[in-house]
Amino acid sequence: MAICHQSPFKLFAAIPSPSSKPKPLHLRCNLSFPSRPPLTSTEPEPVFTSVKAFAPATVANLGPGFDFLGCAVDGLGDFVSLTLDPQVSPGEISISEISGDHNSKKLSKNPLWNCAGIAAIEVMKMLGVRSVGLSLTLEKGLPLGSGLGSSAASAAAAAVAVNEIFGGKLGTEELVIAGLKSEEKVSGYHADNIAPAIMGGFVLIRSYEPLDLIPLIFPDGKELFFVLATPEFEAPTKKMRAALPAEVGMAHHVWNSSQAGALVAAVLQGDLPRLGRALSSDKIVEPRRAPLIPGMDAVKKAAIEAGAFGCTISGAGPTAVAVTDDPEKGKMIGEKMVAAFLKEGKLKAAASVSRLDRVGARLVSTIPR
């Protein structure tokens, strides 16, 4: 996960007179990134006046799957509302409001420096939208720097909202590419959050050049619950990535490769004990990041002793994620994880139990045109 940072430069504008109202910042979409031809032959007509989209939280890496495995979790996420706005010039987008998590005040309303804005701009470019202006509001349900894919959730919800207001012309891969523009801007070019946020379920990223996404279908008849313990501690993705080794020894490479393979097999078979063992067995990334999160080693130990099949760091952290097959057991595991964060890390934490989100980003409401 990454925080959308404020712009390092200022945009100059005329100073309004005392009687005038400040105008929202409007930026023309075709100035945001180097130009690329639209993917649609003709500009699509909007089919809705307003839409609201939701995108779920995600757990990236899943232990040994650094930058190529991730999944979506139910019940937590961000909302983006999008409206045709005659006060916004054609071909432009404006972020009118950001609400939700108290840290959301850190987020910029400049679309070029906001996760939702970047993804929305890229989808508008792909569609070739030039005739209408859009106003966007972002409701943060995920804390910043939590390791739950907060930036990806904002980007995914925005990408889906723009696509759907124009009739859903783009496919999944195009939406993931639009979200990747956002991730690239704020934390790096990796899809293990944005792909599951858009697609739902478990996703394997086989390749980035060209992009090749493989959904991993967890069996319908199997129960899977994620226990998410999030401490009051921020772990920015850039800082956590900087802690990683520049080189990896052959023994650790072979070990992590075998664990990632076992994890994929366990997902497809619905084998939670094996999934948990593989999830807990990373020897490359977790050993470097865990010491930067106070109490993490104790939290992992507490989760497994309480009956979790496995536990690791969610994304870049600081959230710890454990897996179980029973929601009541999950609550008890969460309590033990929270207690370990407090005792060993001196951090207050909150825990929740969530199912796998099999749907991904989707519309939750529309107003026909």
Side-chain angles (χ1 to χ4, degrees), residues 1-4 24 46-59 71-85 88 93-111 113-124 134-166 168 170 172 175-176 178-179 181-183 186 193-201 228 230 315 319 350 352 354-368:
M1 213 298 296
I3 300 171
C4 307
V47 297
F48 299 108
T49 299
S50 179
V51 300
K52 186 175 185 179
F54 169 82
T58 49
V59 174
C71 67
V73 296
D74 188 40
L76 306 169
D78 289 357
F79 292 89
V80 165
S81 296
L82 200 69
T83 304
L84 300 179
D85 192 340
V88 179
I93 187 168
S94 170
I95 297 179
S96 57
E97 182 181 358
I98 301 173
S99 63
D101 178 76
H102 69 281
N103 283 324
S104 63
K105 293 180 180 179
K106 294 181 180 180
L107 302 182
S108 174
K109 288 185 179 180
N110 180 339
W113 292 90
N114 180 283
C115 304
I118 295 168
I121 287 169
E122 191 64 18
V123 173
M124 291 182 76
L134 300 174
S135 179
L136 182 152
T137 64
L138 171 62
E139 181 182 341
K140 293 295 299 177
L142 294 173
L144 308 182
S146 62
L148 293 172
S150 178
S151 64
S154 297
V160 166
V162 175
N163 189 42
E164 293 299 328
I165 206 170
F166 292 102
L170 302 181
T172 298
L175 295 177
V176 173
K181 282 288 186 179
S182 173
E183 294 290 80
V186 299
N193 286 118
I194 190 65
I198 288 174
M199 300 167 63
L228 303 167
T230 304
T319 295
S352 62
S354 298
R355 278 187 164 90
L356 179 70
D357 185 308
R358 297 175 183 265
V359 179
R362 63 267 196 183
L363 288 184
V364 295
S365 66
T366 60
I367 299 176

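Nothing here was measured: the structure is a model prediction, and the numbers come from that model.
Among all heavy-atom pairs drawn from Glu164 and Val47, the shortest one is O-CG2, 3.7 Å. For Leu356 against Cys71, the heavy-atom pair with the smallest separation is CD1-CB, 4.1 Å. Here the closest non-hydrogen pair linking Ser108 and Trp113 is CB-O, 3.9 Å. When all heavy atoms of Val162 and Met124 are compared, the pair lying nearest together is CG1-CG, 3.7 Å. Among all heavy-atom pairs drawn from Phe79 and Lys52, the shortest one is CD2-CE, 3.6 Å. For the pair Ala72 and Pro196, the tightest heavy-atom approach, listed with the atom from each and the gap, is CB-O, 3.5 Å.
At a threshold of 4.5 Å between non-hydrogen side-chain atoms, the residues Ile121 and Lys181 do not count as touching. Here the side chains of Thr319 and Val59 are not in contact, with every heavy-atom distance at 4.5 Å or above. Looking at Asn193 and Ser151, their side chains never come closer than 4.5 Å, going by heavy atoms from C-beta outward.
Ser182 places a side-chain N or O within 3.5 Å of a backbone atom of Cys115 that can act as its donor or acceptor partner.
With rounding to the nearest 0.5 Å, the separation of CD1 in Ile165 from OG1 in Thr366 is 10.0 Å. Atoms CG and CG, from Asn163 and Leu82 in turn, are 11.0 Å apart once rounded to the nearest 0.5 Å. From Glu139, atom CD reaches atom CD of Glu97 across 9.0 Å, with rounding to the nearest 0.5 Å. To the nearest 0.5 Å, the span separating CD1 on Ile93 from CD1 on Ile118 amounts to 11.0 Å. Between the NZ atom in Lys109 and the CD1 atom in Ile98 there is a gap of 6.5 Å [rounded to 0.5 Å].
Applying the side chain to side chain contact (heavy atoms under 4.5 Å, CB included) test between Leu134 and each of Val88, Ile95, Leu84 identifies Leu84 as the sole match. Shown are Val80, Val364, Asp78, Val160; of these, the side chain to side chain contact (heavy atoms under 4.5 Å, CB included) with Phe54 is made only by Val364.
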Yes or no on side chain to side chain contact (heavy atoms under 4.5 Å, CB included) for Asn114 and Leu136, after CA distance, side-chain angles and deciding distance? CA-CA 11 Å; Asn114 180 283; Leu136 182 152; 5.6 Å; no

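Residues forming a side chain to side chain contact (heavy atoms under 4.5 Å, CB included) with Ser354 (at least two apart in sequence, or on another chain): Val73, Leu76, Leu228, Ser352.
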